[in-house]
Amino acid sequence: MFARVRFTINNTRMRYCTGTHENGKTYDLQDPRHIEIAQKLSATSSIAAMNIYTALESLPDLFPVQLREHEGWVSLVTTYLDMMMGQGMQSAIERVVRETV
């Protein structure tokens with residue numbers, strides 16, 4: 001269960017890094033690395049989950065090595081991030097809760 005919670009926290013951070021609310025309004029990131037994050041994300045071709053993951057994963061020390069090297073990590077991350085982006089945070093969190101219990 002701890003792994004699922006940690007995974008959800010990382011996905012939520014990736015979603016936050018896009019700087020866009022679900023309603024499309026933008027916000028300024030309140031993150032010490034906001035300039036690096038914005039530069040990486042602005043270089044992506046779209047806001048697709050895999051592009052967001054790839055951009056953020058390339059930043060040193062943003063995600064622990066053991067997570068980046070975990071088998072299935074990319075698939076899980078992009079699946080839930082895609083859900084967060086397309087169906088909303090509430091839906092994604094509800095799914096994580098259902099699958100954790």
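What you see is a predicted model, and the numbers here were worked out from it, not measured in a lab.
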Pairs where residues 84-95 contributes a residue and the test salt bridge (Lys or Arg N to Asp or Glu O under 4.0 Å) is met, not counting sequence neighbours: Arg95-Glu99
Of all pairs that satisfy salt bridge (Lys or Arg N to Asp or Glu O under 4.0 Å), the ones with a partner from residues 75-84, not counting sequence neighbours: none
Phe63 and Tyr53 aromatic ring geometry - parallel, tilted or perpendicular at 30°/60° bounds: parallel
Close side-chain approach of Met85 and Tyr80, heavy atoms under 4.5 Å: no
Sidechain-backbone polar pair: Ser75 side chain, Gly72 backbone, donor-acceptor under 3.5 Å: no
Residue pair Met50, Val74: steps toward the side chain to side chain contact (heavy atoms under 4.5 Å, CB included) verdict: CA-CA 8 Å; Met50 182 54 104; Val74 174; 3.5 Å; yes
Nearest-0.5 Å distance, NZ of residue Lys25 to OG1 of residue Thr20: 12.5 Å
Pair Thr44-Ile52, side chain to side chain contact (heavy atoms under 4.5 Å, CB included): steps then yes or no: CA-CA 7 Å; Thr44 63; Ile52 294 169; 5.8 Å; no
Qualifying salt bridge (Lys or Arg N to Asp or Glu O under 4.0 Å) pairs with a residue from residues 9-19, counting only residues at least two apart or across chains: Arg13-Asp31
Side chain to side chain, Leu59 and Arg33, heavy atoms closer than 4.5 Å: yes
Minimum-distance pair of heavy atoms, taken over all atoms of Thr78 and Ala49: O-CB, 3.4 Å
Sequence-distant partners of Gln39, side-chain contact (heavy atoms from CB on, under 4.5 Å), two or more places apart: Ile35
Exam field: side chain Glu22 to backbone Met89, donor-acceptor pair closer than 3.5 Å: yes
Pairs flagged by salt bridge (Lys or Arg N to Asp or Glu O under 4.0 Å) wherever residues 45-64 is involved - sequence neighbours left out: Glu57-Arg68
hydrophobic_cluster_shared for Tyr27 and Leu56, side chain cutoff 4.5 Å: yes
Asn51 side, atom CG; Lys40 side, atom NZ - distance, nearest 0.5 Å: 13.5 Å
Which residues share a side-chain contact (heavy atoms from CB on, under 4.5 Å) with Ser91, sequence neighbours left out: Met83, Gln87
Backbone N/O of Ala55 and side chain of Ser58: donor-acceptor pair under 3.5 Å: yes
